[in-house]
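Per chain, numbering begins at 1; letters A, B, ... match sequence-line order.
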Amino acid sequence: MSEEKSLHFLEEIVEKDLSTGKHTSIHTRFPPEPNGYLHIGHAKSICLNFGLADKYGGKTNLRFDDTNPVTEDTEYVESIKADVRWLGFDWEEEHYASDYFDQIYVLAISLIKKGLAYVEDMTAEEIAASKGTPTEPGRESQARSRTVEENLSLFTAMKEGKYNDGEKVLRAKIDMSSPNMHMRDPIMYRIKKTSHHRTGDTWCIYPMYDFAHGQSDSIEHITHSICTLEFEVHRPLYNWYVEQLGTFPSTQYEFARLNLTYTVMSKRKLLQLVQEKLVDGWDDPRMPTISGLRRRGFTPLSIRNFCERIGVQRRENIIDVGLLEFCIREDLNKVALRRMVVLDPIKLIITNYPDGSTDILKGENNPELEDNGGYRDMPFTKELWIESEDFQEVPQKKWFRLAPDMKVRLKSAYIVHCTGFKKDETGKVVEVHCEYIPESKSGQDTSGINVKGTIHWISAEHALDAEVRLYDRLFQAEDPSDEEGDFKLNMNPNSLEIIPTAKIEPSLKDAKPGDQFQFIRKGYFTLDSKFTTEDKLVFNRTVTLKDAWAKMTSR
RNA sequence: UGCCUGAUAGUAUAAUGGUAGUACGACAGAUUUUGGUUCUGUUUGUCUUGGUUCGAAUCCAGGUCGGGCAACCA
């Protein structure tokens with residue numbers, strides 16, 4: 001019995017196109033502009049485009065939409081390729097709109113020859129003014145009446161650099177009174193005497209998105225050109241170029257972009273955070289970028305699962321970041337090695353344990369794996385570090401950790417009975433005193449004692465120091481862009497907490513950047529790839545564990 | 001007050017004229033050497049008004065509310 005998985009609207013379109021013979025196979029593309037780093041919203045588009053082709057035996061190209069030399073850079077090209085690969089996708093062909101500049105130029109010439117494009121002399125301001133408004137029609141430009149020959153020679157002169165930026169543009173001759181603003185003689189080419197990251201100074205005229213994008217799709221025989229909803233009103237123009245030029249009829253389809261609670265997703269805003277140094281670069285672990293999520297400890301699988309779960313539709317949405325957290329916990333629970341780390345240490349002294357003696361205990365690597373994923377050694381001694389929050393001088397109700405006269409299990413070790421504690425001058429508890437129960441050793445417990453609480457610990461003598469970085473949401477508002485004023489006013493001042501000297505168990509010293517761990521009872525962590533050095537380990541918290549106790553006490 | 005577009009639990013997403021279901025969340029319980037995991041149960045929904053129909057979330061008409069569109073950006 002196979003559960004019928006329902007199709008989303010794009011899958012339905014593809015199945016229909018395939019069954020009606022409109023297409024015998026499909027070809028999609030992921031078309032980023034290399035002017036920034038990819039974020040989780042792009043991941044949705046990547047999963048969609050590659051996923052669709054995968055599912056229906058088609059192909060997907062990676063194409064850089066590099067038609068604006070002012071904002072683009074090879075740094076971005078490289079990061080985008082790395083991110084797509086890291087997510088687990090391999091493109092069929094790698095292309096650049098700039099590789100098509102010759103072909104696109106020829107197409108422009110042919111539109112001029114058909115009398116469907118003309119060279120404009122007006123300034124940007126004048127053009128904008130003559131375009132009218134959404135409710136009022138625009139005015140036709142005098143340049144509209146130029147002859148084909150005149151347009152041809154003017155356009156050639158543009159290409160040859162005879163004019164400066166802004167002096168001339170090439171416009172499509174469509175309809176200045178169209179209810180769709182994009183059809184009011186849109187600009188096809190503008191002059192930019194800026195070096196392009198790939199074509200250098202070969203060109204000084206560059207095609208606009210609407211002209212270049214659709215025609216690039218046609219050149220690559222893209223069957224389904226998938227983009228986000230804001231391009232919906234561009235579709236008539238996209239189709240107009242295809243029809244007038246008789247090029248391959250790629251078809252544009254739109255879906256709703258991803259929004260996530262407590263973060264921003266626009267490249268412009270993310271760039272601001274980077275430039276104003278409000279975060280530590282594009283790959284800051286708090287950023288919703290692919291590189292940030294990677295450094296934070298997210299896995300490609302968790303992101304792909306997330307994209308699968310959120311679905312694809314045409315309605316505006318804002319996804320609860322809790323779903324992303326669920327997806328990473330779901331994955332990491334199955335693969336992350338369990339380790340003991342004490343973030344805020346106090347001493348636990350086992351008064352009836354022999355001085356100078358060391359017991360080597362076995363700790364399971366991961367209870368979710370077969371044979372617990374194997375075991376690592378954990379030295380046990382008289383003096384241990386435990387989490388200060390695991391002791392309460394006066395226990396609140398339902399407390400089942402340490403408190404005077406209470407018993408807890410030390411994970412993978414013994415049950416201990418609290419006999420006392422010591423405070424410093426300020427009244428802060430600095431030592432907890434316990435007696436251990438020798439017959440309660442983990443795995444061979446004959447004590448018959450049942451305890452409710454289990455806590456983590458590290459031998460003080462063997463513990464190592466490491467820096468641990470705890471991250472929280474970057475913004476305090478669910479939808480920072482929706483708030484009054486500058487979105488940056490909504491930043492969470494406590495989105496990063498650095499613990500300079502956490503106590504970590506010895507086996508962690510061989511961790512490699514990117515390794516993933518569950519620090520028992522604390523959360524999932526990964527070794528940071530940027531700040532870790534020979535003699536200093538830096539761990540990033542990917543996500544906390546679900547914490548029923550914290551939830552209960554916060555009520 | 002033009003054009004395009006959308007509206008199903010808190011958030012997403014199914015049901016394609018025939019029992020409104022699923023996931024995340026929330027709540028309750030069981031299991032647990034992680035207050036984790038796992039398991040069980042509960043909770044909450046078709047924007048509105050008409051119409052067509054034996055039957056409407058679905059089709060039709062009007063309304064309401066949301067998003068997008070007037071860069072030589074993509």
Side-chain angles (χ1 to χ4, degrees), chain A residues 5-8 12 31-33 35 65-68 70-72 120 122-124 127-129 131-138 165-171 178-184 187-192 205-206 208-210 212-213 227-236 254 256 261 267-268 309-327 329-330 333-334 338 340 364 367-368 398-401 408-413 415 440 442-443 445 450-456 478 518-523 544-553:
Chain A
K5 174 92 171 62
S6 58
L7 304 176
H8 61 66
E12 283 181 359
E33 183 190 13
N35 68 346
D65 228 337
D66 54 351
T67 55
N68 184 358
V70 177
T71 54
E72 296 155 6
E120 175 65 81
M122 285 198 281
T123 63
I127 292 175
K131 259 195 175 166
T133 68
T135 52
E136 302 160 43
D165 292 18
E167 281 188 57
K168 298 265 187 281
V169 289
L170 182 71
R171 289 231 252 175
S178 168
N180 183 337
M181 297 295 289
H182 295 278
M183 299 299 274
R184 322 245 263 228
I187 292 168
M188 295 171 62
Y189 266 93
R190 77 290 213 190
I191 300 167
K192 277 185 191 288
I205 57 171
Y206 292 91
M208 297 286 289
Y209 166 83
D210 286 298
H213 192 96
C227 62
T228 46
L229 239 29
E230 67 268 24
F231 291 102
E232 204 167 357
V233 285
H234 294 244
R235 197 192 325 138
E254 310 88 15
T261 53
K267 262 190 204 171
R268 203 193 92 244
R309 279 168 186 271
I310 59 176
V312 182
Q313 253 308 337
R314 284 172 63 83
R315 44 178 173 257
E316 293 296 325
N317 59 79
I318 181 159
I319 309 281
D320 190 334
V321 71
L323 182 61
L324 219 208
E325 292 175 353
F326 168 83
C327 290
R329 287 192 189 105
E330 180 188 44
N333 177 48
K334 287 182 277 193
R338 311 292 132 119
M340 300 222 236
E364 53 195 29
E368 304 293 319
K398 290 214 176 164
W399 176 260
F400 34 87
R401 279 118 97 157
V408 291
R409 156 82 57 189
L410 297 176
K411 175 77 179 168
S412 302
I415 291 173
S440 67
S442 188
D445 186 347
N450 279 317
V451 292
K452 273 193 170 160
T454 301
I455 66 172
H456 58 285
E478 267 208 6
Q518 183 196 102
F519 292 174
I520 291 176
R521 302 209 300 139
K522 292 275 106 184
T544 60
L545 255 25
K546 278 214 281 194
D547 190 344
W549 170 250
K551 191 181 280 180
M552 201 170 101
T553 53

Name all residues meeting the ring-ring contact (aromatic ring centres under 6.0 Å, His included) criterion together with A:His213; count only those two or more places apart in sequence or in a different chain, and write none if there are none.
-> A:Tyr209
A:Lys411: partners by salt bridge (charged side-chain N to carboxylate O under 4.0 Å, His left out), with sequence neighbours left out = A:Glu364
List in chain and number order the residues that pass salt bridge (charged side-chain N to carboxylate O under 4.0 Å, His left out) with A:Asp547, two or more places apart in sequence or in another chain; answer none if no residue qualifies.
-> none
Distance check, [atom1] atoms only: [N] and [M], in whole angstrom units.
| N | M | atom1 | result |
| --- | --- | --- | --- |
| B:C39 | B:C24 | P | 9 Å |
| B:A26 | B:U11 | C1' | 12 Å |
| B:A23 | B:G45 | C1' | 15 Å |
| B:U43 | B:C3 | C1' | 43 Å |
| B:G21 | B:U46 | C1' | 13 Å |
| B:A15 | B:C54 | P | 26 Å |
| B:U1 | B:U44 | P | 44 Å |
| B:U8 | B:A70 | C1' | 35 Å |

If we ignore hydrogens and angles and just use 3.5 Å, is the side chain of [X] paired with the main-chain N or O of [Y] as donor and acceptor?
| X | Y | result |
| --- | --- | --- |
| A:Asn180 | A:Val233 | yes |
| A:Asn317 | A:Arg315 | yes |
| A:Arg329 | A:Leu324 | no |
| A:Thr71 | A:Asn35 | no |

Is any NZ, NE, NH1 or NH2 atom of the basic residue among [X] and [Y] found under 4.0 Å from an Asp or Glu carboxylate oxygen of the other?
| X | Y | answer |
| --- | --- | --- |
| A:Lys267 | A:Glu33 | no |
| A:Glu330 | A:Arg309 | yes |
| A:Asp445 | A:Arg409 | yes |
| A:Lys334 | A:Glu368 | no |

Given Watson-Crick and G-U pairs under 3.5 Å, RNA chain B in dot-bracket ([ ] crossing, | other strand) is .((((((..((((....[..)))).(((((.......)))))....(((((..]....))))))))))).....
Whole angstroms only, please: what is the [atom1]-[atom2] distance between [X] and [N]?
| X | N | atom1 | atom2 | value |
| --- | --- | --- | --- | --- |
| A:Ile319 | B:U13 | CD1 | P | 6 Å |
| A:Asn317 | B:A14 | CG | C1' | 16 Å |
| A:Arg184 | B:C3 | CZ | P | 12 Å |
| A:Asp320 | B:A9 | CG | P | 15 Å |
| A:Arg315 | B:U46 | CZ | C1' | 11 Å |

Ring geometry between A:His182 and A:His234 (parallel below 30°, tilted from 30 to 60°, perpendicular above 60°) = tilted
Reading nucleotides 32-38 of chain B 5' to 3', which nucleotides get B (base under 4.0 Å from a protein heavy atom), which S (sugar-phosphate only), which -?
-> -BBBBS-
Nucleic acid footprint by protein, nucleotides 64-73 of chain B - heavy-atom cut-off 4.0 Å, B for base, S for sugar-phosphate alone | ---SBSB-BS
Is any side-chain N or O of A:Arg309 under 3.5 Å from a base N or O of B:U22, one able to act as donor and the other as acceptor?
-> no
Just to confirm, is there a sub-4.0 Å distance from OP1 or OP2 of B:A7 to any side-chain nitrogen or oxygen of A:Gln313?
-> no
Phosphate OP1/OP2 of B:U5: any A:Arg314 side-chain N/O under 4.0 Å | no
